[in-house]
Amino acid sequence: KAGVTQTPRYLIKTRGQQVTLSCSPISGHRSVSWYQQTPGQGLQFLFEYFSETQRNKGNFPGRFSGRQFSNSRSEMNVSTLELGDSALYLCASSSGHLGQPQHFGDGTRLSIL
Amino acid sequence: EDKVVQSPLSLVVHEGDTVTLNCSYEVTNFRSLLWYKQEKKAPTFLFMLTSSGIEKKSGRLSSILDKKELFSILNITATQTGDSAVYLCAVEWGSQGNLIFGKGTKLSVKP
């Protein structure tokens, strides 16, 4: 079956703008987690959605937000972009239950000029 | 503060060598430990370990967990250039399957 699909693959923005990233999970998966990956900090957890509800949130400012739709697709929004937001944003889906691994998409590479 | 520490951060070997990657953790409400391989794009799932002392094996890769000493190792035997990647260790915690990642070990296999 199809894997996790993230769009767009690449994005270039300038400081102060906002951006919306999209993630379509594996069919049947109800949990979607978002991560920010940078060379210095590695993979850091942003938030997780399950059945349209945010279940957990990482230690990121309120400029980072997300939502999940009834078909489990998820979007992540970053407002008032800063240079430090340049990163690879990864989405992972799972059934949402313990014992089931998360499966990742290829990510969206966001560059802030 | 919960943390996952991987060592070494990078490693260069030659084809045919055997390598051991390490992952130690201090995480409350530990549920399981996972290994992923990341080449240029998506991390791909390798293993999920929940019980101490039970080796998981897939081809030339194997992994084991020690819940008393709070660490795991990932072994790769007879390495090939296609094994070159960043290997990520993650700990699943709490009741909802969230992950904390280590910073990864970058493995380079030279022909």
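In what follows, every chain begins at residue 1, and chains take the letters A, B, ... in the order their sequences are listed.
Under the 6.0 Å cut-off for aromatic ring centres, Phe101(B) and Phe45(A) do not qualify, their centroids lying 6.0 Å or more apart.
Within the 4.5 angstrom heavy-atom criterion, atoms from both the backbone and the side chain of Leu99(B) approach chain A. Only the side chain of Leu90(A) comes within less than 4.5 Å of a heavy atom in chain B; its backbone stays farther off. Contacts of Tyr35(A) with chain B are made by side-chain atoms alone, with heavy-atom separations under 4.5 Å and no backbone atom involved.
Contacts between residues 54-72 of chain A and chain B, counted as heavy-atom pairs separated by less than 4.5 Å, involve Arg55(A), Asn56(A).
Between Ala42(B) and Gly105(A), the shortest heavy-atom distance links the atoms CB-O, 3.0 Å.
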* Asked: Under the ring-ring contact (aromatic ring centres under 6.0 Å, His included) criterion, do Phe45(B) and Phe104(A) qualify, and how do the steps go?
  -> CA-CA 8 Å; Phe45(B) 171 73; Phe104(A) 285 82; over 10 Å; no
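In this structure the side chain of Lys41(B) reaches within 4.5 angstrom of the side chain of Arg9(A), judged on heavy atoms. Gln38(B) places a side-chain heavy atom less than 4.5 Å from the side chain of Gln37(A).
Lys103(B) places a side-chain N or O within 3.5 Å of a backbone atom of Gly40(A) that can act as its donor or acceptor partner.
Note on Ile64(B) and Val91(B): separate hydrophobic clusters, where clusters join Ile, Leu, Val, Met, Phe, Trp and Tyr whose side-chain heavy atoms are under 4.5 Å apart, directly or indirectly. Hydrophobic clustering, with ILVMFWY side chains joined whenever heavy atoms are under 4.5 angstrom apart, groups Leu83(A) together with Val78(A).
Separation of atoms OG (Ser94(A)) and CG (Asn98(B)) is listed at 9.0 Å; rounding is to 0.5 Å.
Your options are Pro101(A), Gly107(A), Gly99(A), and the one with the most heavy-atom pairs under 4.5 Å with chain B is Pro101(A).
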